[in-house]
Amino acid sequence: MLNIAVFASGRGSNFEALQRAIVEQNISASIVVVISNNSSSGVLTLAQSFGIPALHISQRQYSDTKLFRQKVLDTLSAFNVNFIVLAGYMKMLDAEIIRTFPDKIINIHPALLPKFGGEGMYGMNVHRAVIDAHEKESGATVHYVNEAYDEGRIIGQQRVDVSQNETPESLAAKVLAVEHQLLPRVIKMLTEKN
Ligand code: GRF
């Protein structure tokens, strides 16, 4: 059974898609806590509406990195977390936390890695870069998180066509729709493997 902590900074549509899929498809996993670095992020209210504990934990609340890291680790242990999903989490996860959960942390990225990943490649920047590079296709990638961030082993990808008159906004919407399928599919596959 996966006891999942979702880390997110924004609206939380991937969290919602995953939570709904877990319930509807009877996936043997449970989102036990949602953690956001951003107190006004939609994901916190969304999680509460599903009755899932939603916590605002930010580096800014702590005078040093160690205390912040300890708070995150204590929270994960209090909720018996054994798997972490980064779904639009805009912060680097502390290296010590990554080491504590080897091969138990995944991230969803809105492009076909290894292309269009790394520094600065988030949000609309990604879709703009894909269009500027005249790519014929884009998509979503779920990968393991290691200390080099977007470079962890790829677990699954789902493609979309980039049309002639594509805009970053239209591409973002297309990719988001496949993210909502891919993330639950990967989680389901991982639970069936265990
Ligand atoms: C998604 O596009 C995800 O790929 C990226 O951040 C976005 C989060 O969207 N890492 P949401 O908060 O899940 O709606």
Side-chain angles (χ1 to χ4, degrees), residues 4-24 27 29 31 33-50 52-58 83-93 97-98 105-131 135 137-162 166-188 190:
I4 302 173
V6 171
F7 282 65
S9 305
R11 75 197 140 182
S13 69
N14 277 289
F15 152 74
E16 180 171 6
L18 180 57
Q19 172 60 21
R20 290 192 186 281
I22 285 173
V23 174
E24 283 161 20
I27 299 175
I31 301 177
V33 65
V34 170
I35 295 175
S36 182
N37 60 304
N38 174 3
S39 62
S40 58
S41 58
V43 73
L44 290 175
T45 14
L46 203 50
Q48 279 157 4
S49 74
F50 283 97
I52 296 171
L55 307 176
H56 170 226
I57 307 179
S58 158
F83 200 82
I84 296 174
V85 174
L86 306 184
Y89 189 59
M90 300 303 286
K91 296 279 171 190
M92 275 302 258
L93 210 55
I97 300 175
I98 296 178
I105 308 178
I106 63 170
N107 179 49
I108 180 146
H109 184 80
L112 297 175
L113 291 174
K115 281 183 167 182
F116 307 105
E119 188 84 38
M121 281 296 151
Y122 59 86
M124 244 1 130
N125 295 353
V126 177
H127 306 298
R128 231 176 270 125
V130 168
I131 290 172
E135 294 288 326
E137 55 175 20
S138 188
T141 301
V142 172
H143 63 94
Y144 285 109
V145 171
N146 61 24
E147 290 169 53
Y149 239 67
D150 284 342
E151 293 170 22
R153 185 155 44 91
I154 292 171
I155 313 170
Q157 291 186 312
Q158 197 166 327
R159 285 156 202 277
V160 302
D161 288 331
V162 178
E166 202 74 68
T167 64
E169 290 73 20
S170 64
L171 183 57
K174 270 190 198 171
V175 172
L176 191 65
V178 301
E179 287 182 46
H180 295 166
Q181 299 170 5
L182 177 66
L183 184 58
R185 193 152 55 76
V186 165
I187 295 288
K188 187 161 193 251
L190 292 173

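One-based numbering, in listed order, for ligands and for the atoms of each. Side chains are part of it too, since the values below use all heavy atoms of this structure and drop only hydrogens, waters and symmetry mates. The model shown is predicted, which means the values in this text are computed figures rather than measured ones.
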Discussion item. For a 4.5 angstrom cut-off between non-hydrogen side-chain atoms, does Ile4 reach Ile187?
Written reply: yes

Worksheet entry | All side chain to side chain donor-acceptor pair (under 3.5 Å) counterparts of Arg11, not counting sequence neighbours | none

Fill in: side chain to side chain donor-acceptor pair (under 3.5 Å) against Lys174, all qualifying residues, sequence neighbours excluded
Glu166

Worksheet item: Going by heavy atoms in the side chains, are Glu169 and Met124 under 4.5 Å from each other?
Response: yes

Fill in: All ring pair (Phe, Tyr, Trp, His ring centres under 6.0 Å) counterparts of Phe7, not counting sequence neighbours
Tyr89

Worksheet item: Do Phe15 and Ile52 have side chains that get closer than 4.5 Å, going by heavy atoms?
Response: yes

Worksheet, complete the sentence: Chain-and-number sorted residues having a heavy-atom contact under 4.0 Å with ligand 1 are Arg11, Gly12, Ser13, Asn14, Gly88, Ile108, His109, Pro110, Glu179

